[in-house]
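Here the structure is laid out as structure tokens; the discussion comes afterwards.
The figures here come from the full heavy-atom set of this structure, side chains too, leaving out hydrogens, waters and symmetry mates. Each chain gets a letter, A, B and so on, in the order the sequences are listed, and its residues count up from 1.
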Amino acid sequence: MNEKNPSQKNDFIREIIRDDISENIHEKIVTRFPPEPNGYLHIGHAKSICLNFGVAEEFKGLCNLRFDDTNPTKEDQRYIDAIKFDVDWLGFNTENNIRYTSDYFGQLYDWAIELVNKGLAYVDDLSPEEMRAYRGTLTEPGVDSPTRNRSIAENLDLLERMKNGEYEEGEKSLRAKIDMQSGNLNLRDPVIYRIIRANHPRTKNDWCIYPMYDFGHGQSDAIEHVTHSLCTLEFEDHRPLYEWFLENLPIPSKPKQYEFSRLNLSHTILSKRRLFKLIEDGYVSGWNDPRMPTLAGLRRRGVPPTAIRDFVGRLGITKSDGIVEMSYFENTIREHLNLTAQRRMAVLNPIKIVIENYPEDPDFKDELEAINNPNNENDGIRKLLFSREIYIEHDDFMENPTKKFFRLIPGGEVRLRYAYLITCKELIKDKEGNIIELRCHYDPESRGGNAPDGRKVKGTLHWVSANYSKKATINLYNELFTEAIPGSNGNWIEDINNNSVESLSNCFVEPSILDSKPNTTIQFERLGYFCADIDSTKDNPIFNRTVPLRDTWGKKN
RNA sequence: UGGGGCGUAGCCAAGUGGUAAGGCAUCGGGUUUUGAUCCCGUGUACCGCAGGUUCGAAUCCUGCCGCCCCAGCCA
């Protein structure tokens with residue numbers, strides 16, 4: 001709904017932007033989405049992407065996708081490529097607006113020199129351990145470093161040598177000279193350049209010193225004429241530092257930082273560190289495991305990008321942090337898929353039915369018509385072949401039914417969707433007493449699903465022809481964690497759901513299902529939404545359950 | 001005992017001094033060849049608590065409580 005009318009979206013950030021526009025403060029609204037290429041994007045990032053790109057769209061501005069690549073020990077081209085792909089997949093155009101903080105390494109270095117010249121930065125000899133000790137604590141002020149008051153000339157010389165690779169990692173650093181007594185730890189002479197001897201994905205070995213986030217971010221925003229630099233709450237107390245650099249440097253524009261709360265989703269984790277751990281320790285198969293909250297995982301799971309955009313749009317932008325229920329996300333996915341997904345039939349746990357009074361002639365072709373999507377006439381109809389032997393869902397039969405069970409029972413009549421009414425005549429069991437087959441009779445007059453005499457049949461079952469269906473593997477995915485907040489009772493690893501995936505290999509699907517593509521999610525009637533896995537082939541078809549249909553019956557029983 | 005934020009129903013969230021929107025969930029009911037969808041109905045929110053200002057406060061003031069973030073040469 002918000003999606004349909006973006007101009008109606010209202011939150012404190014858009015309010016600020018509208019005010020700025022009405023006061024003619026900016027020529028054009030510019031935002032940026034600044035991921036560090038050290039992992040894959042997840043749904044939390046989608047919130048930021050939709051905000052930044054969404055705002056740019058709504059106010060006819062621009063949004064840059066800027067890779068914040070200031071730490072070559074963690075970053076990789078692989079992630080740059082994956083992030084571009086994901087942003088694109090979400091539906092935002094990045095063709096001409098990709099930037100890298102590393103584009104500005106030269107300018108940033110010049111500005112570091114400028115800060116030294118102004119007496120606002122110095123080269124420090126403290127080791128990381130010593131620096132920590134000098135920094136003080138949350139309640140105790142820090143102490144000035146012994147090398148804090150070197151001459152400008154000496155600092156200039158030392159900085160130059162740092163850049164030229166004359167020192168080892170950790171031996172020296174460049175620090176902003178602000179205030180070691182500040183209550184805000186970010187202002188206690190933060191390091192702005194450190195020595196890192198690593199190959200950078202873009203600048204290779206051009207540099208051995210790299211700017212810290214705080215020194216790179218605001219200035220990059222300024223260079224790009226970003227007007228509204230939107231980030232998450234944990235950067236709130238970096239804002240004074242962000243502004244300090246902008247005030248003390250001859251920057252080409254004056255961006256402003258605003259913070260909003262990041263997305264938390266129940267029953268999953270949205271921390272890159274933890275997602276890495278799941279992969280490294282083999283709890284999932286990779287960044288694109290369908291159980292992962294990554295965009296790559298959601299894509300493989302069959303979640304349409306429009307559903308993700310709509311979902312984060314419904315959440316709103318505020319400064320209060322909370323946990324959004326996973327079921328809310330699933331509901332949004334269903335809402336989208338209900339309108340767009342074509343319907344097909346598949347049987348997950350088959351039980352065979354033989355229709356005793358049905359023609360035995362193998363050349364007899366009984367072609368039925370089925371509607372592809374009741375919500376979209378343009379999707380048309382398809383033909384289904386019926387046969388004497390079919391499969392229905394094991395759960396759709398009960399030998400000793402409970403009172404409200406209105407599916408197939410001994411002696412009972414039920415409708416096979418788009419086909420016939422059948423009545424159960426006999427159960428065939430194996431030696432252990434398990435039902436292995438049902439013998440039924442059909443009413444030839446009920447072709448299509450209704451009897452001419454108008455008798456009411458409450459239950460309608462999905463089915464698949466034993467002769468014409470195809471065998472497939474179907475993965476049923478459930479929540480990755482058993483706890484709404486993993487780790488809330490101790491170790492988050494212990495809250496991993498051991499039943500997060502159930503792989504069924506004896507499933508039967510309509511033949512047409514084998515033609516579906518991984519990016520086209522379809523509904524298996526009465527079961528849920530599914531899509532072909534990226535590893536699915538004609539010979540070994542594999543489908544992933546995106547999300548089940550709502551099941552008020554199953555919930556009660 | 002430091003600094004920065006946040007607190008409106010189970011969840012998200014409007015509200016910006018005039019007497020508490022909406023969505024999701026829940027629980028009923030109707031339609032239905034998906035027990036889905038769709039439609040209708042359904043909530044005593046002590047607006048974190050306590051005072052104060054005011055004819056009137058979720059909105060202003062004071063005090064308190066709770067929760068989140070910050071002590072990387074990570075972002």
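Using a 4.0 Å heavy-atom distance criterion, Tyr210(A) is classed as making no nucleic acid contact. Residue contacts for Phe406(A): at a heavy-atom cut-off of 4.0 Å it reaches a base atom on one of the strands shown. Using a 4.0 Å heavy-atom criterion, one finds that Asn38(A) contacts no nucleic acid atom at all. At a threshold of 4.0 angstrom between heavy atoms, the contacts of Phe215(A) with the nucleic acid are absent. As judged by a 4.0 angstrom heavy-atom cut-off over every strand, Met212(A) is placed among residues touching the sugar-phosphate backbone only. Within the nucleic acid shown, Arg415(A) comes within 4.0 Å of at least one base atom, counting heavy atoms only. Within the 4.0 angstrom heavy-atom criterion, only backbone atoms of the sugar-phosphate kind lie near Thr70(A); the bases stay farther away. Within 4.0 Å of Lys404(A), counting heavy atoms only, lies at least one base atom of the nucleic acid. Counting any heavy atom pair closer than 4.0 Å across all strands shown, Leu187(A) reaches no nucleic acid atom. Across all strands, Pro34(A) comes closer than 4.0 Å to no nucleic acid atom at all (heavy-atom distances).
Applying the side chain to side chain donor-acceptor pair (under 3.5 Å) rule to pairs touching residues 126-136 of chain A yields Ser127(A)-Glu129(A), Ser127(A)-Glu130(A), sequence neighbours excluded.
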If you restrict it to nitrogen or oxygen atoms, what contacts under 3.5 Å exist between nucleotides 3-7 of chain B and the protein, and what is each distance?
residue: G3(B); atom: O4'; partner: Gly183(A); partner atom: O; Å: 3.4
residue: G3(B); atom: N2; partner: Asp237(A); partner atom: OD2; Å: 2.7
residue: G5(B); atom: O2'; partner: Glu236(A); partner atom: OE1; Å: 3.4

Any N/O pairs under 3.5 Å between the protein and nucleotides 57-59 of chain B? List them or say none.
none

Dump the pairs, protein N or O against N or O of nucleotides 25-29 of chain B, anything under 3.5 Å, distances to one decimal.
residue: A25(B); atom: OP1; partner: Asn331(A); partner atom: OD1; Å: 3.1
residue: U26(B); atom: OP1; partner: Lys555(A); partner atom: NZ; Å: 2.7

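Judged by distance alone, with hydrogens and angles left aside, the side-chain atoms of Trp207(A) form no donor-acceptor pair with the main-chain N or O of Lys163(A) at under 3.5 Å. No donor-acceptor distance shorter than 3.5 angstrom exists from the side chain of Arg417(A) to the backbone of Ala370(A), with no hydrogens or angles considered.
The shortest distance between the side-chain N/O atoms of Arg197(A) and the OP1/OP2 oxygens of C73(B) is not below 4.0 Å. OP1 or OP2 of A13(B) has at least one side-chain nitrogen or oxygen of Thr318(A) nearer than 4.0 Å. For Arg188(A), no side-chain nitrogen or oxygen approaches OP1 or OP2 of G2(B) to under 4.0 Å. An OP1 or OP2 oxygen of A14(B) is reached within less than 4.0 angstrom by no side-chain nitrogen or oxygen of Arg14(A). Residue Arg314(A) has no polar side-chain atom (N or O) positioned under 4.0 Å from OP1 or OP2 of A13(B).
With no hydrogens or angles considered, a side-chain donor-acceptor pair links Asn52(A) and Ser48(A) at under 3.5 Å. A side-chain donor-acceptor contact under 3.5 Å links His462(A) and Glu393(A). No side-chain donor from either of Asp124(A) and Ser173(A) sits under 3.5 Å from a side-chain acceptor of the other. In this structure, a donor-acceptor pair under 3.5 Å is present between the side chains of Arg545(A) and Asn478(A). In this model, a donor atom of one side chain and an acceptor atom of the other lie less than 3.5 Å apart for Asn375(A) and Asn338(A). Side-chain N/O atoms of Arg239(A) and Asn186(A) include no donor and acceptor closer than 3.5 Å. A donor-acceptor contact closer than 3.5 angstrom links the side chains of Glu259(A) and Gln257(A).
Of the charged side-chain nitrogens involved, none lies within less than 4.0 Å of a carboxylate oxygen, so that Arg78(A) and Asp76(A) do not count as a salt-bridged pair. Between Glu243(A) and Lys256(A) there is no salt bridge, since none of the side-chain N atoms of the basic residue sits less than 4.0 Å from a carboxylate O of the acidic one.
Among residues two or more places apart in sequence or in another chain, the salt bridge (charged side-chain N to carboxylate O under 4.0 Å, His left out) test is passed with Lys172(A) by Asp125(A).
With a 4.5 Å cut-off on side-chain heavy atoms, Ser261(A) and Glu234(A) do not count as touching.
Comparing the same atom, P, in A58(B) and in G17(B) gives a spacing of 13 Å after rounding to whole Å. C64(B) and G4(B): their P atoms are spaced 15 Å apart (whole Å). C70(B) and A21(B): their P atoms are spaced 38 Å apart (whole Å). When the P atom is used for both C61(B) and C73(B), the distance is 38 Å, rounded to whole Å. Here, C65(B) and U1(B) have their P atoms 9 Å apart, quoted to the whole Å. Nucleotides G72(B) and C67(B) place their P atoms 24 Å apart, quoted to the nearest Å.
G72(B) takes the syn form, because its glycosidic angle lies no more than 90° either side of 0.
Separation of the Phe235(A) and Tyr213(A) ring centroids falls under the 6.0 Å cut-off.
Judged by ring centres under 5.5 Å apart and planes tilted less than 30 degrees, Trp553(A) stacks against the six-membered base ring of G35(B).
Looking at RNA chain B, the stems built from 3 or more consecutive Watson-Crick or G-U wobble pairs, each pair with its key distances under 3.5 Å, are B:2-7 with B:65-70, B:10-12 with B:22-24, B:27-30 with B:38-41, B:48-52 with B:60-64.
One donor-acceptor pair, N or O on each side, does fall under 3.5 Å between the base of A75(B) and the side chain of His238(A).
Other residues, nucleotides and ligands place more than 12 heavy atoms under 6.0 Å from the CZ atom of Arg447(A).
Taking the nucleotide of RNA chain B with the nearest heavy atom to each of Gly554(A) and His217(A), the more 5' of the two is matched to Gly554(A).
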